[in-house]
K.L.:
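To start, I am sharing the structure in question, which I have written as structure tokens.
Side chains are part of it too, since the values below use all heavy atoms of this structure and drop only hydrogens, waters and symmetry mates. Numbered from 1 within each chain, the chains take letters A, B, ... in sequence-line order.
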Number of protein chains: 2
Amino acid sequence: MKTISENRAFGGVQGVYSHASAATGTEMTFGLFLPAEAEEGLVPVLWYLSGLTCTHENAMVKAGAQRWAAEVGIALVFPDTSPRGEDVPNDAAYDLGQGAGFYVNATQSPWDKNFRMWDYVTEELPRELFKAFPIAEAAQAITGHSMGGHGALTIAMSFPGRFRSVSAFAPICNPTASDWGRKQFGAYLGPDEAAWAAHDTTLLMKKRGFDGPILIDQGTSDQFLDLLKPEALAGAMAERRQGGSFRMQKGYDHSYFFVSTFMEEHVAFHAGALNA
Amino acid sequence: MKTISENRAFGGVQGVYSHASAATGTEMTFGLFLPAEAEEGLVPVLWYLSGLTCTHENAMVKAGAQRWAAEVGIALVFPDTSPRGEDVPNDAAYDLGQGAGFYVNATQSPWDKNFRMWDYVTEELPRELFKAFPIAEAAQAITGHSMGGHGALTIAMSFPGRFRSVSAFAPICNPTASDWGRKQFGAYLGPDEAAWAAHDTTLLMKKRGFDGPILIDQGTSDQFLDLLKPEALAGAMAERRQGGSFRMQKGYDHSYFFVSTFMEEHVAFHAGALNA
């Protein structure tokens with residue numbers, strides 16, 4: 001584990017670290033905020049998965065989450081959104097390849113060698129984190145924005161018992177029915193749509209649901225509403241009688257101004273579930 | 001006045017606008033956060049002047065000020081730090097030319113044609129703002145970071161009665177005695193050091209002081225302490241019996257993690273002075 005930088009922030013430390021990943025075959029970078037309480041013992045952790053084009057850095061500097069995490073004494077992890085590097089496959093489009101891992105394990109060439117973000121985020125990075133930092137494996141929650149909201153929700157529903165709570169900001173809700181999904185799942189997972197279902201929040205909600213509280217915020221002026229398909233997930237949650245809140249926020253768009261506006265409430269929501 | 005972007009944020013609007021500046025002879029861009037209260041009438045305003053290399057955008061997305069400004073119903077203005085453009089003089093160094101206006105009116109060639117940031121920030125931009133937006137000219141406060149802290153403090157002391165309060169994050173305190181100052185004042189103002197004194201916070205504090213409250217935060221692990229010279233200003237404030245707080249913050253550096261950590265207290269400080 002290499003230390004890229006550490007900055008004092010809100011009484012704790014905002015660090016950036018990198019490590020050689022077996023899952024992706026590349027060096028992976030992530031951000032980690034540890035509150036002051038981490039000097040004394042294990043702290044709960046909130047995972048934040050980022051959206052298309054983002055690195056580990058965007059939310060770390062723009063989402064304003066550290067203030068609220070410090071107040072309740074929980075850690076924040078900001079993973080990257082894909083493997084990166086000159087030797088890693090890429091695509092000219094912003095929504096495929098580097099910066100657009102979609103939190104799946106690719107099975108199709110040329111992506112299958114490096115694009116194993118599901119394994120990275122759900123297995124390897126947690127293992128490395130719990131080994132290297134004072135984070136309580138028993139007290140995890142997860143959130144994300146856009147593609148990261150898709151990641152947070154699909155992962156939370158796929159590992160029952162691991163996360164006490166899940167939330168999302170403007171998540172991609174139904175990728176198997178959206179151009180933010182069909183294109184990438186086709187490239188990464190191949191043409192057999194049966195393999196896509198495990199990575200569609202709406203389908204997972206219908207089939208499985210989540211055994212804890214859910215909070216979702218979606219701006220009504222989001223420029224990507226047609227791609228995000230909030231109506232699919234909102235309907236599925238109601239249909240399943242899933243406990244949780246799906247909030248349409250009047251006038252907000254897809255930007256970090258939206259995310260930072262509601263971050264306080266998301267962190268408080270998770271803190272409640274984590275007893276932090 | 002052109003609208004570059006407007007995003008809903010914390011119940012208000014984070015806008016970015018540009019206009020043709022007579023002071024600089026260029027198109028100038030600035031950020032403006034208006035809280036929800038601006039829909040009903042005039043709101044107080046806090047100016048935020050940025051540091052070296054910054055545009056109008058850095059603080060707008062990284063300082064986390066909107067949350068606190070929204071809570072107390074005050075506007076935030078984020079001016080750029082210099083004129084910009086292919087026809088505008090520049091220097092290869094990060095600390096001279098574009099991104100490094102130092103809030104002075106240059107008198108020396110080639111800078112004198114465009115680098116008139118003192119006039120821009122103290123005359124032209126206020127005039128344009130009060131004309132175009134519901135901002136109360138009678139309720140102004142000012143802050144800034146690094147070079148912007150230098151700007152905030154020198155401007156506040158040069159216009160008695162205009163600002164109810166002034167604060168700064170890691171300001172350049174004594175530029176006439178620092179390589180962050182001597183180099184730029186020599187280039188912009190010429191070799192006669194008598195012309196520099198009007199732009200040195202420590203000298204202004206000794207001569208004039210500020211007729212309102214002052215709050216200054218400085219990190220003890222700031223990598224630029226030798227250039228910032230906090231001891232000069234802290235000493236001058238105490239010597240003058242200037243009302244105000246000069247706080248050395250243990251372990252913090254020069255980054256926006258430092259700025260955002262203490263932003264809540266700075267906005268609350270100004271809100272008190274503005275009766276907001």
Side-chain angles (χ1 to χ4, degrees), chain A residues 4-16 31-36 39 54 57-71 76 78 169-170 217-224 247-268, chain B residues 4-16 31-36 39 54 57-71 76 78 169-170 217-224 247-268:
Chain A
I4 309 291
S5 63
E6 290 185 328
N7 297 89
R8 193 130 200 93
F10 296 98
V13 176
Q14 177 60 61
V16 176
L32 172 67
F33 173 73
L34 287 177
E39 291 166 26
C54 289
E57 195 182 21
N58 301 60
M60 199 181 96
V61 300
K62 298 204 291 187
Q66 293 91 347
R67 164 68 174 77
W68 314 113
E71 187 164 295
L76 300 166
F78 304 96
F169 301 86
D217 275 314
Q218 171 62 58
T220 64
S221 298
D222 193 312
Q223 55 271 52
F224 302 112
R247 311 190 303 191
M248 295 299 291
Q249 300 285 5
K250 191 81 178 164
Y252 286 86
D253 59 30
H254 201 66
S255 69
Y256 269 98
F257 293 113
F258 158 68
V259 174
S260 60
T261 295
F262 298 102
M263 183 56 76
E264 177 178 6
E265 293 176 25
H266 281 244
V267 174
Chain B
I4 309 291
S5 63
E6 291 186 326
N7 298 89
R8 195 132 199 89
F10 297 98
V13 176
Q14 177 61 60
V16 177
L32 173 66
F33 172 74
L34 287 176
E39 291 166 25
C54 289
E57 194 181 23
N58 302 60
M60 199 181 95
V61 300
K62 299 203 291 187
Q66 293 91 345
R67 164 68 173 77
W68 313 114
E71 187 165 297
L76 300 167
F78 303 96
F169 302 85
D217 275 315
Q218 170 62 58
T220 63
S221 299
D222 193 310
Q223 55 271 53
F224 301 113
R247 311 190 303 191
M248 296 299 292
Q249 299 286 5
K250 191 81 179 164
Y252 286 87
D253 58 31
H254 201 67
S255 70
Y256 269 98
F257 293 113
F258 158 67
V259 173
S260 61
T261 296
F262 297 103
M263 183 56 76
E264 177 178 7
E265 293 177 24
H266 281 243
V267 174

K.L.:
How many angstroms lie between atom CG of A:D253 and atom CD of B:Q14, to the nearest 0.5 angstrom?
P.N.:
11.5 Å

K.L.:
Give a yes or no on whether the backbone of A:N7 and the side-chain of B:Y252 come within a donor-acceptor separation of less than 3.5 Å.
P.N.:
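Judged by distance alone, no pair lies under 3.5 Å.
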
K.L.:
Taking only residues two or more places apart in sequence or in another chain, which ones pass ring pair (Phe, Tyr, Trp, His ring centres under 6.0 Å) with B:F33?
P.N.:
none

K.L.:
If we define contacts as heavy-atom pairs under 4.5 Å, which of A:R67, A:Q66, A:E264 has the most with chain B?
P.N.:
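Heavy-atom pairs under 4.5 Å are most numerous for A:R67.
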
K.L.:
Rounded to the nearest 0.5 Å, what separation is found between the CZ atom of A:F262 and the CZ atom of B:F10?
P.N.:
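It is 9.0 Å, given to the nearest 0.5 Å.
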
K.L.:
Of the backbone (N, CA, C, O) and the side chain (C-beta and beyond), which part of A:Q249 lies under 4.5 Å from a heavy atom of chain B, both, or neither?
P.N.:
neither

K.L.:
Sort A:M263 into side chain, backbone, both or neither according to what part of it lies under 4.5 angstrom from a heavy atom of chain B.
P.N.:
neither

K.L.:
So which part of A:Y256 gets closer than 4.5 Å to some heavy atom of chain B, the side chain, the backbone, both or neither?
P.N.:
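No part of A:Y256 comes within 4.5 Å of chain B.
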
K.L.:
Any side-chain heavy atom of B:E6 within less than 4.5 Å of one from A:F257?
P.N.:
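No, side chains not in contact.
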
K.L.:
Side chain from CB out, backbone as N, CA, C, O: work out which of these in A:S260 comes under 4.5 Å of a heavy atom of chain B, or both, or neither.
P.N.:
both

K.L.:
Check A:K250 against B:R8 and note the closest heavy-atom contact, atom names and distance.
P.N.:
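Looks like O-CD, 3.7 Å.
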
